[in-house]
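Below you'll find the structure, written out as C-alpha cells, and then a few comments.
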Protein chains: 2
Amino acid sequence: MTGRSNQARSGAAGAVDGGAGLDLQHYFPYRLARLAEQVSLAVAEVYSERFALTRQEWRVLAILGARSEIATKEIGPLTTLDKMQVSRAVQGLEARGIVSRTYDPADRRERIVSLTSAGRALYRKIVPYALEREAGLLAVLTPEEIKILDRAMRKLSAGLA
Amino acid sequence: MTGRSNQARSGAAGAVDGGAGLDLQHYFPYRLARLAEQVSLAVAEVYSERFALTRQEWRVLAILGARSEIATKEIGPLTTLDKMQVSRAVQGLEARGIVSRTYDPADRRERIVSLTSAGRALYRKIVPYALEREAGLLAVLTPEEIKILDRAMRKLSAGLA
DNA sequence: GGCAAATCGTAACATTTGATACTATTTTCG
DNA sequence: CGAAAATAGTATCAAATGTTACGATTTGCC
C-alpha cells in the first residue's frame with residue numbers, strides 16, 4: 001500500500017512473469033483484514049472468554065447500555081448485524097436474563113428490547129475492560145497517528161459507501 | 001478513539017448511569033471490524049463475483065502467483081489460514097484445475113502445490129483488477145495519510161503480537 | 001371498509017466453518 | 001534397531017452462519 005509497492009515486480013522467484021505481481025503481505029485489503037481479526041480476537045477475550053458473550057451479543061449489549069431500551073429493528077443498523085443475527089443475539093441475551101422483551105403496543109409486530117437489572121450490572125462490569133482494551137491497543141500510537149488513522153478510516157469508509 | 005471520546009458520558013438518554021459509557025459507533029475495534037468488512041466485500045467483488053473464488057482460495061492463489069510452487073504447510077503462515085482452511089482451499093482449487101499437487105518425494109506426508117497453466121492464466125487475469133481495487137480504495141487518501149496509516153497498522157499489529 | 005402489498009421477527013433448511021480425531025509417514029532417542 | 005512421539009494433511013462430526021420462506025400484523029390504496 002505504500003504507493004506502488006504492489007506494482008510490477010517481475011522476474012521474482014519463478015512466479016508468473018510478464019505481468020503485474022501482487023504481494024499479499026503488502027496488499028492493503030489483506031493487511032486490513034488481518035489486523036481487524038487480530039484486534040477482534042484481542043477484544044473478544046473481554047466479552048467472550050470472561051463473560052461468555054458472542055460478538056453479536058456484545059454489540060447488542062453495547063447498544064443497550066447506551067440506550068437502555070430499543071426497538072428490535074433499530075438494532076441492526078446500529079450494530080451492522082442483519083436481522084437474523086439480531087434475532088439470534090437478542091434471543092441469546094434473553095435466555096441468559098440480560099435483556100427482556102415486550103411487544104410494542106402501537107405495532108404488535110415489533111418488539112422492544114430492554115436491559116434487565118442483571119444486564120445493566122453486566123454492562124457496567126464489562127465496559128471498563130472493553131475501554132481498557134481499546135486504550136491499550138491505541139497506546140502504541142502517538143496522538144497524531146491516532147488522529148490521522150481516525151481520519152483515514154472515515155475517508156475509506158465514506159469512499160466505499 | 002479520538003482521545004477520551006469513549007470515556008464517561010454519564011446521564012445520556014436513560015442509559016446506565018454512574019459509570020463509564022461506551023459508544024459503539026466510536027469504539028475503535030468496532031469501527032475497524034466494520035471497515036475491514038466493507039473493504040473485504042468490495043474486494044470480494046473481484047475474486048468472488050467475477051471469478052467464483054472463495055476468500056481462502058483467493059489468498060492461496062495470490063501466494064502461488066508469486067511463488068508458483070509451494071509446500072502445503074507453508075501456505076498457512078503466509079495467508080493467515082489454519083491448516084483445515086488451507087486443505088479445503090487447495091482442494092477447491094485443484095477441483096477447478098487451478099492447481100495440481102504432488103507428494104514431496106523427500107517426505108511423503110507433504111504435498112507440493114503448483115499452479116497449472118490455467119491457474120497462471122487466472123492469476124494474470126485477476127491481479128490487475130485486484131490492484132485496481134486497492135488503488136481505488138486508497139485514492140481517497142493523501143500520500144501522507146497512506147504513509148501514516150501504513151505505520152499505524154504496523155504498530156498496532158506489532159503491539160498485539 | 002377491504003384486499004393487496006409491505007414490514008417485523010422467526011422457523012426451517014442449507015451451507016460454511018470450526019473442533020476433534022484419525023491415517024500415513026517421519027523423527028527422536030533409549 | 002525399534003518403539004514412542006511428532007508432523008502433514010484430511011475425514012468426520014458439531015456448531016455457527018447464511019438463505020429462504022413463512023405467520024402475524026400493519027399500511028396503502030381503490
Side-chain angles (χ1 to χ4, degrees), chain A residues 33-34 36-38 40-41 44-45 47-49 51-61 63-64 67 69-96 98-114, chain B residues 33-34 36-38 40-41 44-45 47-49 52-60 63-64 67 69-96 98-114:
Chain A
R34 206 158 135 30
E37 204 172 322
Q38 278 185 90
S40 178
L41 218 64
E45 278 177 31
Y47 58 75
S48 170
E49 293 180 20
F51 300 99
L53 295 172
T54 67
R55 186 155 104 135
Q56 292 90 328
E57 287 167 353
W58 154 243
R59 283 192 188 174
V60 172
L61 178 60
I63 290 298
L64 275 164
R67 301 261 325 245
E69 183 170 303
I70 191 172
T72 305
K73 68 170 175 173
E74 294 181 68
I75 297 175
L78 292 173
T79 53
T80 333
L81 300 174
D82 67 34
K83 65 179 185 173
M84 198 64 237
Q85 290 178 307
V86 170
S87 178
R88 292 200 249 243
V90 172
Q91 282 179 56
L93 292 172
E94 186 180 43
R96 296 185 45 202
I98 294 165
V99 305
S100 61
R101 291 193 284 180
T102 62
Y103 286 91
D104 182 345
D107 183 341
R108 306 228 337 274
R109 293 168 305 184
E110 294 187 24
R111 308 189 70 169
I112 310 294
V113 184
S114 335
Chain B
R34 205 158 135 31
E37 205 171 322
Q38 278 184 90
S40 177
L41 219 64
E45 277 177 33
Y47 58 75
S48 170
E49 294 180 21
L53 295 172
T54 67
R55 187 153 103 135
Q56 292 89 328
E57 288 167 352
W58 154 243
R59 285 192 187 173
V60 171
I63 290 298
L64 276 165
R67 301 262 323 246
E69 183 170 304
I70 191 172
T72 305
K73 68 170 176 175
E74 294 181 67
I75 297 175
L78 291 173
T79 54
T80 334
L81 300 174
D82 67 33
K83 66 178 184 172
M84 197 64 236
Q85 292 177 305
V86 170
S87 177
R88 290 200 250 243
V90 172
Q91 282 180 55
L93 292 173
E94 185 179 43
R96 295 184 46 202
I98 294 164
V99 305
S100 62
R101 291 191 284 181
T102 62
Y103 287 91
D104 182 344
D107 182 341
R108 305 230 335 276
R109 292 168 304 183
E110 296 189 22
R111 308 189 72 170
I112 310 296
V113 184
S114 336

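In what follows, every heavy atom counts, from backbone to side chain, and hydrogens, waters and symmetry copies are set aside. Note that the structure is a prediction, hence the values are computed from the model and not measured. Chain identifiers are assigned alphabetically (A, B, ...) following the order of the sequence lines, protein sequences preceding nucleic acid strands; residue numbering begins at 1 within each chain.
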N or O in side chain of B:K73 less than 4.0 angstrom from D:dA8 OP1/OP2: yes
Taken to the nearest 0.5 Å, the spacing of A:M84 CE from A:D82 CG works out to 8.5 Å
What is the distance, rounded to the nearest whole Å, between atom CD of B:Q85 and atom C1' of D:dA16? 14 Å
Residue-phosphate contact under 4.0 Å: A:R101 side-chain N/O, C:dT10 OP1/OP2: yes
Starting from C1' on C:dG9, measure out to CD on A:E74 and report it in whole angstrom. 15 Å
Atom CZ of A:R111 to atom C1' of D:dG23: distance rounded to whole Å? 14 Å
When rounded to whole Å, the CZ to C1' distance for the pair A:R109 and D:dC22 reads 15 Å
Whole-Å distance, A:K83 NZ to C:dC8 P, equals 8 Å
If you assign A:D82 and B:V86 each to the DNA chain D nucleotide with the nearest heavy atom, which residue ends up on the more 5' nucleotide? B:V86
For the pair made of CD in A:Q56 and P in C:dT10, what is the distance, rounded to whole Å? 15 Å
Could you check how far CD of B:Q91 sits from P of C:dT17, rounded to whole Å? 14 Å
Do any side-chain nitrogens or oxygens of B:T72 fall under 4.0 Å of OP1 or OP2 in D:dG9? yes
Between C:dT10 and A:S87, is there an OP1 or OP2 to side-chain N/O distance shorter than 4.0 Å? yes
Want to settle it: does A:M84 or A:R108 sit nearer the 5' end of DNA chain D, counting the closest nucleotide to each? A:M84
NZ/NE/NH1/NH2 to OD/OE distance under 4.0 Å, A:E57 and A:R88: no
A:Y103 ring centre to A:R108 NZ or CZ under 6.0 Å, with the angle to the axis within 45°? no
To the nearest angstrom, how far is B:I75 atom CD1 from D:dG9 atom P? 8 Å
Heavy-atom nearest pair, A:A33 first then B:R55, reads CB-NH1, 4.0 Å
Which nucleotide wins on minimum distance to the side chain of A:R88, given the candidates C:dT10, C:dC8, C:dA12? C:dA12
Distance check, rounded to the nearest 0.5 Å: A:S87 atom OG versus A:I75 atom CD1? 10.0 Å
